[in-house]
Amino acid sequence: MPMPRPGRRVRYLLPVVLLSIVSWFAWTELTRSRGDQKASFPPASQVCGSEGPLRYCINTAAAGTNGDVVYHHHGRKLDETLWNDDTYFTGMLQARWHAAGVLPPTVVTVSYGPTWLLTPKGKQEDSGLLEDFMSRLPALEAKVGRPRRRMLLGESMGGLNVLVAGLSHPTWFAKVAALCPGVYVDTPFSSLGTLRASMERTGANPKIVFGVWLLARRYVADEAEWRRVSPLELSSQAGPGAPELYLSCGLYDAYGNYEGTERLAQLARQRGVKTEWHPLYGGHCASDVSSLADFLVN
């Protein structure tokens, strides 16, 4: 039996390939997301600027504010303009306050770029942002007014940053709210075997852990420097005069933050620090907006 010539086989295959491509594009178009669920609220007025390397936006609710100031430290790859994002938890916070008819704090969102860690000045060139941030507060408060209470709010990378700032300078802040913060039982200088065991315990994504490892080593040079910023180490030195803490984390946090955040809540309570711990059923930065909103205004 004669075999089909190559040219004839190509003619047979071409329609099949074209039909497959058209079908794939049609299915992609049919199943793509058409929009986003959004929070409904009157957006805060926003005035943005910079102080040295620190970029900021001052966010003031349309109905007024209660005299408190919250410094919001964003998560990785976000920026200082996000407060009015109606698809983010910050929009849900504003919607909650608006629905409850309460005056919220003035919120100052701050940023040193897409990724950064607040660390004291050490051996690494990028270190020293903790001192820089604290030194900028008087200039920022000259713009917003002297706060009745000064508070910190952050998620993920920002959650770690606010814990470092609040626990390192406890007399400056009344409250610290850290959502899914980058808190780990082990350190970026632990052995490979220890880190592997940590990933097995927590279910952390190895690619994410490697990224966190690289970020940490940009700002801290060794184990001793890491212990200066580890919230677990800082909480072991805290007393009843430390800022009130709000901690939350999802059980299935792909960054592996649940274990460390739960440990932090236990240590803080043992040291007499007033602490709210909200373990959540969800992934990275699953949030309980209702309890967070109440924490920041009560």
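Only heavy atoms go into these numbers, but all of them, side chains included; no hydrogens, no water, no symmetry mates.
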Assess, by modelled atom type and distance only, whether the side chains of Tyr184 and Thr202 contain a donor and an acceptor separated by less than 3.5 Å. no

Using side-chain heavy atoms (C-beta onward) and a distance below 4.5 Å, is Leu153 in contact with Val162? no

Give a yes or no on whether the backbone of Thr60 and the side-chain of Ser45 come within a donor-acceptor separation of less than 3.5 Å. yes

Tell me whether Thr109 contacts the main-chain N or O of Glu80 through its side chain, where contact means a donor paired with an acceptor under 3.5 Å. yes

Do Phe41 and Leu93 sit in the same hydrophobic cluster, where Ile, Leu, Val, Met, Phe, Trp and Tyr count as joined when their side-chain heavy atoms come under 4.5 Å apart? no

Quick check, are the ring centers of Tyr281 and Tyr252 under 6.0 angstrom apart? yes

Hey, are the side chains of Leu78 and Tyr88 touching, using non-hydrogen atoms and a 4.5 Å cut-off? yes

Among side-chain atoms of Asp132 and Ser135, is any donor-acceptor pair under 3.5 angstrom? no

So does Ala165 get a backbone contact from the side chain of Ser168, meaning a donor-acceptor N/O pair under 3.5 Å? no

Are any of the side-chain heavy atoms of Leu54 and Tyr112 separated by less than 4.5 Å? yes

Side-chain donor/acceptor of Thr261 to backbone N/O of Asn257, under 3.5 Å: yes

Please report the closest heavy-atom contact between Pro104 and Ala61, naming both atoms and the distance. CG-CB, 3.5 Å

Thr81 and Gln46 side chains, donor-acceptor separation under 3.5 Å: no

Ion pair present between Asp186 and Arg201, side-chain N to carboxylate O less than 4.0 angstrom? yes

Decide whether Gln94 and Asn59 meet the rule of one side-chain donor and one side-chain acceptor closer than 3.5 Å. no

With a 4.0 Å cut-off, would you call Arg55 and Asp79 a salt bridge? no

Regarding Arg150 and Asp68, does a basic nitrogen lie under 4.0 Å from an acidic carboxylate oxygen? no

Is any side-chain heavy atom of Arg196 less than 4.5 Å from a side-chain heavy atom of Glu200? yes

Can a donor-acceptor pair be found, under 3.5 Å and without considering hydrogens, that links the side chain of Thr187 to the backbone of Phe189? yes

Do you know which two heavy atoms are closest between Ser127 and Gly122, and how far apart they sit? OG-N, 2.8 Å

When you measure from the side chain of Asn66 to the backbone N and O of Leu103, does any donor-acceptor pair fall under 3.5 Å? yes

With heavy-atom distances below 4.5 Å as the criterion, would you say the side chains of Thr119 and Trp226 are in contact? no

Does a salt bridge link Arg263 with Glu259, judged by any charged N lying under 4.0 Å from a carboxylate O? no

More than 12 heavy atoms of other residues, nucleotides or ligands under 6.0 Å from NE2 of His278: is that the case? yes

Ion pair present between Glu141 and Arg146, side-chain N to carboxylate O less than 4.0 angstrom? no

Assess whether atom NZ of Lys274 is packed by more than 12 heavy atoms of other residues, nucleotides or ligands within 6.0 Å. no

If I compare all heavy atoms of Thr90 with all of Asp85, which pair ends up nearest, and what's the gap? OG1-O, 3.9 Å

Return the CD1 to OG1 distance between Ile58 and Thr65, rounded to the nearest 0.5 Å. 11.5 Å

Do His284 and Tyr255 have ring centroids that are under 6.0 Å from one another? yes

Does Gly239 offer a backbone N or O that forms a donor-acceptor pair with the side chain of Arg271 under 3.5 Å? no

Ignoring hydrogens and geometry, is there a side-chain-to-backbone donor-acceptor pair from Ser287 to Cys285 under 3.5 Å? yes

Hey, what do you get for Cys48 versus Cys57: SG atoms under 2.5 Å apart or not? yes

Okay, side chain of Glu262, backbone of Tyr258: is any donor-acceptor separation there less than 3.5 Å? no

Closest approach of Leu130 to Pro120 (non-hydrogen atoms, all atoms of both residues): CB-N, 3.9 Å

Ring-ring centroid check Trp116 His73, cutoff 6.0 Å: yes

Give the minimum heavy-atom separation between Gly166 and Phe173, together with the two atoms involved. CA-CD1, 3.9 Å

Tell me which one of Asp288, Leu152, Val176 satisfies side-chain contact (heavy atoms from CB on, under 4.5 Å) with Tyr246. Asp288

Do the numbers put Lys175 on top of the ring of Phe295, so that NZ or CZ is under 6.0 Å from the six-membered ring centre and no more than 45° off the axis? yes

Can you establish whether the number of heavy atoms outside Lys38 located under 6.0 Å from its atom NZ is more than 12? no

Contact summary for Trp277 and Cys249, nearest pair of heavy atoms: CZ3-N, 3.8 Å

Tell me whether Gln37 contacts the main-chain N or O of Thr87 through its side chain, where contact means a donor paired with an acceptor under 3.5 Å. no

